[in-house]
Amino acid sequence: MIRALFPGTFDPVHMGHIDIAERAAKLFSKLTVAVYDKPLKSLLLSPEERLYLTRESLKHIENIEVTGYSGLTVEYARKINAQVIVRGLRVFSDFEHEFRMTLANHHLAPDIEVVAFITSDRYTFLSSTTVREIASLGGNIEGMVPKIVQEVLRKRFFELGENQTIVPLNYLRD
Ligand code: ADP
């Protein structure tokens, strides 16, 4: 029985994340999708909102649980007895970032393996940054995120009005 951890910021969760979670859940007996509390990123959604939306978006998968976490990912993996960390790869720029993180994590915890899933081709372009930028400009994000995420983003950008900070769309990695 292999237990896996899929950590991320999920600001917001999108179809690319859901696709990776669905595929990983088929491979491992239990998958914990863990929403990071305080990443070094400026975020649109609070930890509670990200947790709620991620949980709602994955509730159709029986062997998935969604939790929040803070601190080192490998420490959290140990705490929940996960032997594997799951990540997703889209473009080459992802690879460099994930490669460095994997080596660092392996240095900290040689007993925990990192398994990277290659994105499904229909989601290669998809990142949380892309979703936020399109939504902030009033564009249609149907098919990129679940309905509940669409609604929350529409409401959030309506509330922000002119005060929103538009994240530049420089690359597909968050
Ligand atoms: P983090 O801040 O940890 O990178 P993200 O929420 O941005 O958190 O991403 C979590 C994981 O999901 C990362 O491994 C990222 O590469 C992966 N991911 C993001 N978008 C996609 C996508 N469209 N297809 C496959 N994997 C993706």
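Note that the structure is predicted; figures quoted are calculated from it, not measured. Atoms within each ligand, like the ligands themselves, are counted from 1 in listed order. Reckoned from all heavy atoms, side chains included, excluding hydrogens, waters and symmetry mates.
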Report summary line: Taking only non-hydrogen atoms of Gly88 and a 4.0 Å limit, the atoms of ligand 1 in range are 14 (O), 15 (C), 16 (O), 17 (C), 26 (N)
**Report entry** Proximal candidate to atom 8 (O) of ligand 1 [heavy atom criterion; set Thr119, Thr9, Asp94]
**Finding:** Thr9
**Report entry** Those residues that, when tested against Ile134, pass side chain to side chain contact (heavy atoms under 4.5 Å, CB included) (two or more places apart)
**Finding:** Thr130, Ile141, Met144
Query - CA sep, side-chain torsions, deciding dist, call: Lys59, Glu65, salt bridge (Lys or Arg N to Asp or Glu O under 4.0 Å) - result: CA-CA 8 Å; Lys59 67 181 180 196; Glu65 67 167 6; over 6 Å; no
Requested in this report: Using a strict 4.0 Å threshold on nitrogen-to-oxygen distance, state whether Arg154 and Glu151 make a salt bridge.
Outcome: no
**Report entry** Polar side-chain atom of Asp37 near backbone of Gly68 as donor-acceptor pair, under 3.5 Å
**Finding:** no
Query - Check against side chain to side chain donor-acceptor pair (under 3.5 Å), Ser120 and Asp19 - result: CA-CA 8 Å; Ser120 298; Asp19 176 56; 2.6 Å; yes
Report task. Pick one of side chain, backbone, both or neither for how Ile20 approaches ligand 1, counting any non-hydrogen atom pair under 4.0 Å. Result -> side chain
Query raised in the report: So, does His14 sit close enough to ligand 1 that a heavy atom of it is under 4.0 Å from the ligand?
Result: yes
Requested in this report: Would you confirm whether His17, through its side chain, and His14, through its main-chain N or O, come within 3.5 Å as a donor-acceptor pair?
Outcome: yes
Report task. Tell me, please: is Phe6 in heavy-atom contact with ligand 1, that is, under 4.0 Å? Result -> yes
Requested in this report: May I ask you to check if ligand 1 and Ser127 share an N or O to N or O distance below 3.5 Å?
Outcome: no
Query raised in the report: Does His17 approach ligand 1 within less than 4.0 angstrom via side chain, backbone, both or neither, non-hydrogen atoms only?
Result: side chain
Requested in this report: Looking only at distances, please establish whether an N/O atom of ligand 1 is found under 3.5 Å from an N/O atom of Asp11.
Outcome: no
Query raised in the report: Is any NZ, NE, NH1 or NH2 atom of the basic residue among Asp94 and Arg87 found under 4.0 Å from an Asp or Glu carboxylate oxygen of the other?
Result: no
Query raised in the report: Counting from 1, what ligand 1 atoms have a heavy atom of Glu98 closer than 4.0 Å?
Result: 13 (C), 14 (O), 16 (O)
Query raised in the report: Which ligand 1 atoms does Gly8 reach within 4.0 Å, using its non-hydrogen atoms?
Result: 3 (O), 8 (O), 10 (C)
Requested in this report: Find all atoms of ligand 1 within a distance of less than 4.0 Å from any non-hydrogen atom belonging to Phe10, and give their numbers and elements.
Outcome: 6 (O)
Query raised in the report: Does ligand 1 have a heavy atom under 4.0 Å from the side chain of Arg90, from its backbone, from both, or from neither?
Result: side chain
Query raised in the report: Do any N/O atoms on Arg87 end up under 3.5 angstrom from N/O atoms on ligand 1?
Result: yes
Query raised in the report: What pairs with Phe99 under ring-ring contact (aromatic ring centres under 6.0 Å, His included), at least two apart in sequence or on another chain?
Result: Phe95
**Report entry** Donor-acceptor pair, side chain of Arg50 and main chain of Thr9, under 3.5 angstrom
**Finding:** yes
